[in-house]
Amino acid sequence: MINDLTQLLDGFGHVLTPMNLLVALIGVTVGTAVGVLPGIGAAMTVALLLPLTYGLEPTQAFIMFAGIFYGGMYGGSTTSILLNTPGESSSVVTAIEGNRMARSGRAAQALATAAIGSFVAGLIGTLLLVLITPVMVAFAIDLGAPDYLAIMILGFIAVSAVLGTSRVRGFSALLLGLVIGLVGIDRVTGQPRLTMDIPQLADGIDVIVVAVGIFAVGETLWVAAHLRRRPAEVIPVGQPWLGRDDWRRSWKPWLRGTGLGFPFGVMPAGGAELPTFLSYALEKRLSRRPEEFGKGAIEGVAGPEAANNASAAGTLVPMLALGLPTNATAAVMLAAFQTYGIQPGPLLLERESTLVWTLIASLFVGNLMLLLLNLPLAPAWARLLRIPRPYLYAGIVFFASMGAYAVNAQPFDLFLLLTLGLLGFAMRRFGLPVLPLIVGVILGPMAERQGRMALQLSGGDLSGLLGGAVSYLVYAVVAVILAWPLIRRFLPARARRSPERTPAVPQP
């Protein structure tokens with residue numbers, strides 16, 4: 001524990017230099033500015049701005065990346081509150097009460113409680129990240145190939161069975177990702193797989209091209225195809241501030257939202273959607289003024305926004321300790337590590353300890369910068385929402401194309417980008433979730449490698465795929481997830497009853 005704190009202080013020493021502080025400031029500013037734009041969530045922000053880190057040394061690249069990550073999370077709340085247009089599903093609950101507060105003349109208070117709640121949740125979540133990551137690494141370092149294979153299968157099953165409107169759609173998206181991950185030369189046998197005799201596919205499809213194509217281009221095509229013909233109505237906003245009563249009503253939801261969000265971020269397929277809805281339901285149940293919910297209750301903004309940002313911090317724990325992304329944003333961040341030849345996992349803290357602790361220290365610094373930026377600059381961010389949508393999305397496609405081309409400097413990557421963008425558009429059209437595809441692309445080759453290693457150690461015996469107690473426990477969880485629809489049939493009617501639905505939020 002003392003050693004970890006010493007390394008964290010060393011990380012602060014690397015961050016708190018003039019050049020690195022400038023890099024952090026650029027990251028949080030650009031991340032917030034892009035995250036504020038309508039229809040753009042944190043995952044799309046990170047994917048779109050990933051090329052900005054090219055050319056920087058790894059430490060500076062990840063300092064900027066941490067700022068972009070938290071900045072994208074902050075920016076989404078502004079769009080939800082002022083435009084009623086959540087950039088991603090985890091911001092839906094913020095839009096429910098936040099937009100009603102804004103329409104009743106309390107936009108400043110809604111933005112302030114979202115910004116301060118995000119800061120509190122980010123601060124506590126990053127502290128928990130410092131405490132939990134070394135513990136998880138110590139546990140994971142004793143795991144063998146069969147255990148890792150089991151954990152990756154759990155990741156596949158969880159993101160496919162939990163997300164989306166149906167399991168069929170979830171597993172279909174996962175299958176697409178696994179197929180894309182197979183493209184290229186097999187590293188063991190040297191045989192080409194799914195390359196269709198195209199030399200540019202021999203090295204496989206770069207994860208960055210996949211992420212930018214599916215998120216940035218696919219999402220842009222989808223949102224642009226459903227644009228409202230009338231201009232967006234942006235609610236005027238003054239300087240964010242909170243009165244004494246607002247502080248009294250907000251501080252407990254901030255803490256409760258943080259407590260709900262962080263554990264869900266750590267879990268495979270936990271994400272931020274469920275804790276934000278649970279936080280909303282909890283605040284409504286505990287509120288002394290439940291009649292205000294649905295009409296602009298500040299607790300309905302404070303709690304879910306804290307849960308959203310605490311979940312974001314929680315996603316970094318399994319990503320750094322196990323190399324396992326639990327949501328789309330973490331999947332794109334994992335892809336960023338891989339572009340620098342760094343593989344997150346149990347050995348990351350040992351091999352790249354300076355980088356990891358500098359990254360964690362930069363989360364603290366970036367979180368503080370974001371609070372200082374968001375409170376005074378909220379009116380400026382609101383003006384960005386007035387950018388005409390056709391110009392906005394044309395610009396996004398342009399920068400996405402430049403970023404994809406910068407990966408390998410091959411025109412063929414632009415063709416791949418457009419193809420993947422159309423695939424992303426089709427997935428949105430038919431209700432296929434995007435996260436299983438990204439997880440399949442990233443974890444598919446890793447799971448194949450662990451499975452082959454386990455079989456080699458056992459001499460080809462299938463029993464080698466079963467390791468110790470950890471793999472048995474993980475496979476038991478997988479069995480419960482797969483059998484859950486059948487198990488629900490035998491539960492009492494009250495347990496089967498779906499939770500109270502929250503009001504729907506119009507999409508752009």
Side-chain angles (χ1 to χ4, degrees), residues 41 43-44 47 88-90 148-184 186 193-194 204-215 218-219 222 264-265 267-274 315 318-319 322-335 338 344 416 419-452 465 471 474-485:
M44 183 174 171
E88 55 189 357
S89 55
S90 58
Y148 275 113
L149 177 63
I151 291 172
M152 290 177 187
I153 290 175
L154 173 61
F156 291 148
I157 299 298
V159 299
S160 304
V162 174
L163 299 178
T165 54
S166 76
R167 292 180 171 221
V168 173
R169 290 186 173 93
F171 284 115
S172 299
L174 175 65
L175 180 61
L176 285 173
L178 292 174
V179 170
I180 293 173
L182 284 175
V183 174
D186 189 313
R193 299 191 297 191
L194 304 178
I205 301 177
D206 195 282
V207 177
I208 300 303
V209 176
V210 177
V212 174
I214 294 293
F215 283 111
E219 188 78 9
W222 173 260
F264 277 91
M267 292 189 300
E273 293 81 3
L274 187 55
T315 61
M319 191 200 73
L322 300 175
L324 183 69
T326 61
N327 68 4
T329 310
V332 180
M333 291 188 71
L334 182 60
Q338 293 177 341
L416 277 180
T419 303
L420 291 166
L422 293 174
L423 175 62
F425 177 85
M427 291 177 68
R428 286 295 305 268
R429 170 63 181 83
F430 294 104
L432 272 66
V434 173
L435 178 57
L437 183 145
I438 299 296
V439 169
V441 172
I442 295 174
L443 292 188
M446 296 166 60
E448 180 187 23
R449 185 167 62 251
Q450 297 294 343
R452 279 177 163 173
L465 297 177
S471 64
V474 171
Y475 283 128
V477 174
V478 168
V480 170
I481 293 174
L482 292 176
W484 180 247

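Quick caveat, the model's predicted, so the values are computed rather than measured.
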_A side-chain contact here means heavy atoms from C-beta on lying under 4.5 Å apart; do V441 and I205 qualify?_
no

*Shortest non-hydrogen contact from P436 toward G170*: CB-O, 3.6 Å

_What's the separation between atom CD1 in I151 and atom CZ in F156, rounded to the nearest 0.5 Å?_
12.5 Å

*Please report the closest heavy-atom contact between V209 and L420, naming both atoms and the distance.*
O-CD1, 3.8 Å

*asked:* Could you measure the distance from the CG atom of L334 to the CE atom of M446? Nearest 0.5 Å is fine.
replied: 6.5 Å

*Is it true that atom CZ of R429 has more than 12 heavy atoms of other residues, nucleotides or ligands lying nearer than 6.0 Å?*
no

_Within this structure, what is the CG-CD1 distance for the pair L423 and I180, rounded to the nearest 0.5 Å?_
6.0 Å

*Output, in order, the C-alpha distance, side-chain angles, deciding distance and verdict of side-chain contact (heavy atoms from CB on, under 4.5 Å) for V474 and I153.*
CA-CA 9 Å; V474 171; I153 290 175; over 6 Å; no

*asked:* Within the structure provided, determine whether I214 and L176 are in side-chain contact (heavy-atom separation under 4.5 Å).
replied: no

*asked:* Tell me the closest heavy-atom pair linking I157 and L482, and the distance in Å.
replied: CG2-CD2, 3.8 Å

*asked:* Restricting to non-hydrogen atoms, name the atom on L432 and the atom on R169 that form the minimum distance, rounded to 0.1 Å.
replied: CG-O, 3.8 Å

*Mind checking the CD-CG spacing from E448 to L149? Nearest 0.5 Å is all I need.*
11.0 Å

*Residue pair G181 / P445: nearest heavy atoms and the distance that separates them*: O-CG, 3.7 Å

*Minimum heavy-atom separation for M427 to A173, with atom names?*
CE-CB, 3.9 Å

